[in-house]
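Some notes on the structure that comes next.
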Protein chains: 2
Amino acid sequence: MTTPQLTKNQSLVFDVLEKAEGPLSAYTILDKLRDHGFRAPLQVYRALEKLLEYGVVHRLESINSFVACAHPGDDCHSHGIVAFAICESCGQVTEFHDHEVDHRLMGWVQGQKFKPEKTTIEIRGLCEACAA
Amino acid sequence: MTTPQLTKNQSLVFDVLEKAEGPLSAYTILDKLRDHGFRAPLQVYRALEKLLEYGVVHRLESINSFVACAHPGDDCHSHGIVAFAICESCGQVTEFHDHEVDHRLMGWVQGQKFKPEKTTIEIRGLCEACAA
DNA sequence: ATCAATTGCGTTATGCTATAACGTGTGCGA
DNA sequence: TCGCACACGTTATAGCATAACGCAATTGAT
C-alpha cells in the first residue's frame, strides 16, 4: 500500500509524533495541537486511525500510545511483524523485525488454522542507559 | 514462585475468569460479582494485580481484558514468554508458548543490552470456526 | 450539470478503563 | 504491645476511546 497525501489534521498529528522523543498518548497529542485548532479527542483519533492504516504510525497496545514508524519513507507493512522494545524508565522505543519470529508465529497459527489480522509484540523493560 | 492461598476477593475474581468462555474486562468481572458484594472497580483491580503476580491470570493488553491461565496447577512463569491468539469474532483465546520465539526475542534484547521485564505477544484474527 | 456516495471535519456527549487517596480491620513478629 | 504489612471498602478522579449528530468538500457516474 502506498501512502496517500495526508490531510491537514493527519499531517499535524504525524509531525507531532515524528518530532517526539518517544511514544505519545492521544491526549498528549491533543494538548500539543491545541494551538493549531484541535479541540476534541476525535480529531486526534481520526487522524491516528488513518495513519495506522497507512502504516506510518504504530500503536503500542501495552501503554496506550502511538509512535511514528521508524522506517522513514518505507512501508512497514512489507516488513512483516513489527516488534517493539519499550523502556519503562525513559520511554524510549526501539522498533525491530525478526523474520524467524514471524515464521514461527505464522507457522503456529497455520497449524491452528487461525487467520491472523494484527500481531502485537512488545517487550517492556529497561534500555541499556536506564538499566545501568 | 508458588501460588499462596488466595483471599476471598482473589478467589471470587479467579473463579469468574476460570468459568468464563473467554477474556473478561475488569468491569465485566465487577458486574458478575455485584451479588457477592463487589461495589467498586478497585476490588477487582486489586485482586487481578495479585493474580497476575502469581501467574494464574494473564492480561491481554490489546483488548484490555483478563483470562485465567490455560495451565491449571502449573506455573506460567516457568514457560517463558506466553503468546495468545485472540479471535476477534467469538472472543476465544488460545494460549501457547514457543521457545524459539523466546530465544530470538531474548537474543535481540541481549544484543541491545535491553533488560526485559514483561513481554507481550498477541495475535488477533479469526479462529478456524469463525474464519469459515 | 447534477445527484449520490464518500471522506474529512467539528462538536457534544458519553462510555470504558484504571488509579489516587483516605480510612478500617486483622494478623503477626520484634 | 507496638509496629508493620496486607487485604479490604469507599469516594473521587484521571485517563483512554467512541457514539451520534451535522456540515462541507470531493469525486465520479449518469
Side-chain angles (χ1 to χ4, degrees), chain A residues 1-17 20 22-54 56-67 86 88 91 118 120 122 124, chain B residues 1-17 20 22-54 56-67 86 88 91 118 120 122 124:
Chain A
M1 183 204 306
T2 172
T3 303
Q5 188 65 29
L6 298 184
T7 67
K8 183 159 172 293
N9 284 4
Q10 289 161 17
S11 294
L12 287 168
V13 169
F14 183 67
D15 285 350
V16 166
L17 282 173
L24 301 178
S25 76
Y27 277 72
T28 302
I29 296 170
L30 173 58
D31 286 339
K32 287 178 182 290
L33 289 175
R34 291 210 185 269
D35 293 345
H36 292 79
F38 274 48
R39 320 249 67 207
L42 260 188
Q43 294 174 282
V44 177
Y45 282 110
R46 289 205 272 231
L48 286 172
E49 185 179 15
K50 288 299 179 183
L51 295 171
L52 290 167
E53 185 183 322
Y54 303 152
V56 296
V57 162
H58 299 294
R59 176 191 174 88
L60 302 176
E61 306 280 1
S62 64
I63 55 174
N64 297 316
S65 294
F66 304 85
V67 282
I86 305 167
E88 299 191 299
K118 176 82 168 59
T120 297
E122 296 176 16
R124 292 184 301 301
Chain B
M1 183 203 307
T2 174
T3 303
Q5 188 64 29
L6 298 184
T7 67
K8 183 160 172 291
N9 284 5
Q10 289 161 18
S11 294
L12 287 167
V13 169
F14 184 66
D15 286 351
V16 167
L17 283 174
L24 300 177
S25 76
Y27 279 73
T28 302
I29 297 171
L30 174 58
D31 286 339
K32 287 179 183 290
L33 289 176
R34 292 211 185 268
D35 294 344
H36 292 80
F38 274 48
R39 318 248 74 211
L42 258 187
Q43 295 175 280
V44 177
Y45 281 109
R46 289 205 270 232
L48 286 172
E49 186 179 14
K50 287 300 180 184
L51 295 171
L52 290 168
E53 185 182 321
Y54 302 152
V56 297
V57 162
H58 299 294
R59 177 192 174 88
L60 301 177
E61 306 280 1
S62 65
I63 57 174
N64 296 316
S65 295
F66 303 85
V67 282
I86 306 167
E88 299 191 300
K118 175 86 168 58
T120 298
E122 297 176 15
R124 291 182 301 300

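Below, chains carry the letters A, B, ... as their sequence lines are ordered, and counting in each starts from 1. Please read these numbers as outputs of a predicted model, since none were measured by experiment.
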Rounding to an integer number of Å, can you tell me how far A:Leu12 CG sits from C:dG8 C1'? 14 Å
Side-chain heavy-atom pair B:Arg59, B:Lys118 within 4.5 angstrom cut-off: no
Please give, in whole Å, the distance from D:dC8 P to B:Lys50 NZ? 10 Å
With a 4.0 Å limit, can you tell me whether B:Asn64 has a side-chain N or O closer than that to the phosphate oxygens OP1/OP2 of C:dA18? yes
Quick one: label A:Arg39 by what it contacts on the DNA or RNA (base, sugar-phosphate, nothing), any heavy atom closer than 4.0 Å. sugar-phosphate
Less than 4.0 angstrom between a side-chain N/O of B:Lys8 and OP1 or OP2 of D:dC8, yes or no? no
Without decimals, in angstroms, what is the distance between A:Phe14 CZ and C:dG8 C1'? 19 Å
Looking at D:dA17, I'd like to know if its phosphate oxygens (OP1 or OP2) sit under 4.0 Å from a side-chain N or O belonging to A:Tyr45. yes
Return the value, rounded to whole Å, for the distance between atom CG of B:Leu51 and atom P of D:dC8. 10 Å
Within the distance-only criterion (no hydrogens, no angle test), does the side chain of B:Glu122 pair as donor or acceptor with the backbone N or O of B:Ile86 below 3.5 angstrom? no
Does the side chain of A:Leu12 reach to within under 4.5 Å of the side chain of A:Gln43, using non-hydrogen atoms? no
Can you check the A:Glu49 CD to D:dA17 C1' distance for me, whole Å? 12 Å
Ranking D:dA17, C:dA18, D:dG9 by distance to the side chain of A:Pro41, first place goes to D:dA17
Measure from the side-chain heavy atoms of B:Ser25 and tell me the nearest of C:dG8, D:dA17, C:dT17. C:dT17
Starting at the 5' end of DNA chain D and moving along, which residue's nearest nucleotide shows up first, A:Thr28 or B:Gly37? B:Gly37
Proximity to the side chain of A:Leu42 - top-ranked nucleotide from D:dT10, C:dA18, D:dA20: D:dA20
Could you please name the option among C:dG8, D:dG9, D:dA7 that lies closest to any side-chain atom of B:Gln43? D:dG9
Would you say that B:Val16 contacts B:Thr28 through its side chain, given a criterion of any heavy-atom pair below 4.5 Å between the two side chains? no
Short side-chain N/O contact from B:Thr7 to OP1 or OP2 of D:dC8, under 4.0 Å: yes
B:Asn9 atom CG is separated from D:dT10 atom P, nearest whole Å, by 11 Å
Side chain of B:Ala40 (C-beta onward), nearest among D:dT18, D:dT11, C:dG8: D:dT11
Given atom CZ of B:Phe38 and atom C1' of D:dG9, what is their separation to the nearest angstrom? 11 Å
Flag side-chain contact, heavy atom, 4.5 Å: A:Leu6 against A:Leu51: yes
Any donor-acceptor pair under 3.5 Å joining the side chain of A:Tyr27 to the base of D:dA14? no
A:Arg46 CZ to C:dG8 P: how many Å, rounded? 10 Å
